[in-house]
Number of protein chains: 2
Amino acid sequence: MNNDALPPGGTASSRIFETLRQDLVRGRFAAGEKLAINALRERYQVGLSPLREALNKLAAFGLLVQENQRGFRVPGLNEAELEDIARLRIELEGMAFERAIVQGDAQWEADLLGAAHRLKRADKTQDMGEAWEALHTRFHRTLVAPCGSAWLIRFIEQLHDQFDRYRRLGANPPVIRQPLDDQHQKLVELALARDAQAGRALMGDHIRQSFDVALAHYRQHT
Amino acid sequence: MNNDALPPGGTASSRIFETLRQDLVRGRFAAGEKLAINALRERYQVGLSPLREALNKLAAFGLLVQENQRGFRVPGLNEAELEDIARLRIELEGMAFERAIVQGDAQWEADLLGAAHRLKRADKTQDMGEAWEALHTRFHRTLVAPCGSAWLIRFIEQLHDQFDRYRRLGANPPVIRQPLDDQHQKLVELALARDAQAGRALMGDHIRQSFDVALAHYRQHT
DNA sequence: TTTCATAAAAAAATCGATTATTTTTAAAAG
DNA sequence: CTTTTAAAAATAATCGATTTTTTTATGAAA
């Protein structure tokens with residue numbers, strides 16, 4: 001049975017792109033794995049042209065590695081790169097959150113509270129599934145949304161996808177999640193208090209803690 | 001006569017990608033222009049499949065805008081975005097140069113001197129053509145090369161392409177170039193002196209000055 | 001055995017044609 | 001006139017087949 005039907009709407013190319021992006025971030029493909037294009041065609045029930053267009057785009061975003069004349073493969077994982085990604089996240093998301101705290105308006109405060117609330121509810125009720133993941137992504141997106149830089153947001157989201165490849169290597173039981181969730185709450189408080197300096201600092205701490213978790217997952221995984 | 005033959009080597013897709021990337025940065029397409037795929041096919045003498053793969057990749061890098069079901073267009077230009085790009089360049093290239101100064105080895109020092117020398121010679125002898133542009137790009141790439149972060153370099157190069165769309169809107173006569181070229185020289189000196197702080201600061205100044213030039217070009221252009 | 005060359009198979013890349021969607025044109029209705 | 005509708009044209013997206021290149025398999029020579 002085919003459990004990989006694509007979402008409706010848009011072009012075949014854009015749908016297979018988004019589906020593959022998520023599957024890559026979720027670790028449905030092994031790190032370093034060579035992608036068999038024909039198998040993908042089969043699995044996702046999609047034509048060759050839209051599939052190749054999506055693969056090319058994913059390679060441009062760094063979610064695949066493209067080698068001329070020898071197709072596409074899933075990028076490998078390694079500790080040094082995880083450090084690189086985390087370090088850059090600290091810089092970029094710290095910068096973005098600081099700017100957001102300065103520039104965000106009342107609507108942003110409301111959005112933040114909403115996103116944080118939905119995430120917190122999912123923390124308790126759900127089993128850390130994809131629903132939680134989607135809310136978590138949205139929460140972090142909201143934190144930096146009014147930073148005023150489209151390019152900064154673009155880079156941050158790219159790094160998030162990369163980071164999540166490591167973070168999602170293992171499960172996050174409540175014991176692990178608790179301190180991170182508390183930080184989410186405090187990030188909102190600092191945003192509402194308009195404390196840009198402290199906000200940036202806490203964002204750094206938060207990413208460092210997530211890094212520790214992701215690193216542990218990575219080490220256990222290998 | 002067809003003056004747009006593609007460079008040899010690699011796949012058709014990779015060649016048309018690189019050619020289009022350069023043509024976009026060089027401003028051979030008007031900002032906001034809708035790309036007529038069939039015209040491109042003709043102009044660059046390339047098949048539809050590799051062409052579309054290249055366009056998809058360029059869109060992922062932000063050098064094109066893709067709209068589902070209505071093809072590709074060249075992104076527009078506007079002052080706010082130029083500011084955004086410059087501001088991010090200051091942060092990211094400043095960060096990268098600072099790290100490079102700390103981490104770069106003797107080979108880097110030699111590379112820097114070489115790249116600076118070739119650029120300086122081109123300043124005097126050439127007419128600011130593509131040869132100079134290539135050396136200028138290489139010089140800036142060398143400055144940050146040993147920063148230790150592949151992702152940082154990736155983002156910096158993306159921003160460079162974007163920035164150059166503005167900078168190359170107009171010509172840079174020697175009068176304009178002189179202070180910028182002097183800064184190139186001083187950047188090398190600070191690198192050799194291992195003054196990371198001052199290096200970062202000067203990199204910021206340099207980008208700010210380039211921004212002024214690019215902004216002037218942009219305003220004159222519209 | 002190992003190395004090298006060659007043939008066969010597999011996979012990647014490309015092509016040309018088809019299908020689907022949007023845009024333009026032109027005519028009809030208000 | 002302006003707006004609406006329908007048809008035609010143009011363009012984008014996709015498909016299936018072909019070509020090119022790489023990888024694997026096979027056997028001969030060192």
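Quick caveat, the model's predicted, so the values are computed rather than measured. We name chains A, B, ... by the order of the sequence lines, and we start the count at 1 in each one.
Atom CD in E67(B) sits about 14 Å away from atom C1' in dT21(C), given to the nearest Å. E33(A) places its CD atom 13 Å from the P atom of dA11(C), with the value rounded to the nearest Å. Atom CD in Q66(B) sits roughly 18 Å away from atom P in dT11(D) (whole-Å rounding). Look at CG on L51(A): it is 13 Å from C1' on dA11(C), rounded to the nearest Å. Rounded to a whole Å, the CG atom of N38(A) is 13 Å from the C1' atom of dA17(D). Protein atom CD of E53(A) is 17 Å distant from nucleotide atom P of dA12(C), rounded to whole Å.
By the 30° and 60° cut-offs, the orientation of the rings of H140(A) relative to H206(A) is parallel.
Under a cut-off of 6.0 angstrom, the local environment of CZ in R21(A) is crowded, with over 12 non-hydrogen atoms contributed by other residues, nucleotides or ligands.
Looking at the side chain of F72(A), the nearest of the listed nucleotides dT14(C), dA13(C), dT14(D) is dA13(C). For R52(B), the listed nucleotide lying nearest its side chain is dT14(D); candidates were dT14(C), dT14(D), dA13(C). Of the candidates dT14(C), dA12(C), dA13(D), the closest approach to any side-chain atom of I37(A) belongs to dA12(C).
No donor-acceptor contact under 3.5 angstrom links the side chains of R99(B) and Q103(B), judged on distance only. Counting only N and O atoms by type, the side chains of Q107(A) and D111(A) include a donor and acceptor under 3.5 Å apart. Side chain to side chain, Q158(A) and Q162(A) fail the donor-acceptor criterion of an N or O pair below 3.5 Å.
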Run D181(A) and R177(A) through salt bridge (charged side-chain N to carboxylate O under 4.0 Å, His left out) and show every step you take. CA-CA 6 Å; D181(A) 294 335; R177(A) 287 258 20 118; 2.9 Å; yes
If you apply the rule salt bridge (charged side-chain N to carboxylate O under 4.0 Å, His left out), what do you find for R89(A) with E93(A), and how did you get there? CA-CA 5 Å; R89(A) 274 194 64 193; E93(A) 282 184 70; 2.5 Å; yes
CA sep, side-chain torsions, deciding dist, call: K34(B), E67(B), salt bridge (charged side-chain N to carboxylate O under 4.0 Å, His left out): CA-CA 11 Å; K34(B) 168 94 180 290; E67(B) 292 160 302; over 6 Å; no
For nucleotides 18-24 of chain D, print each protein N/O atom paired with a nucleotide N/O atom at under 3.5 Å, atom names and distance only.
none

Dump the pairs, protein N or O against N or O of nucleotides 15-19 of chain C, anything under 3.5 Å, distances to one decimal.
residue, atom, partner, partner atom, Å
dC15(C), OP2, G47(B), N, 3.1
dC15(C), N4, S49(B), OG, 2.9

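Within the 4.5 Å cutoff, side-chain heavy atoms of Y218(A) are placed close to those of L77(A).
Contact annotation for L55(A): no contact, since no heavy-atom pair falls under 4.0 Å across all strands.
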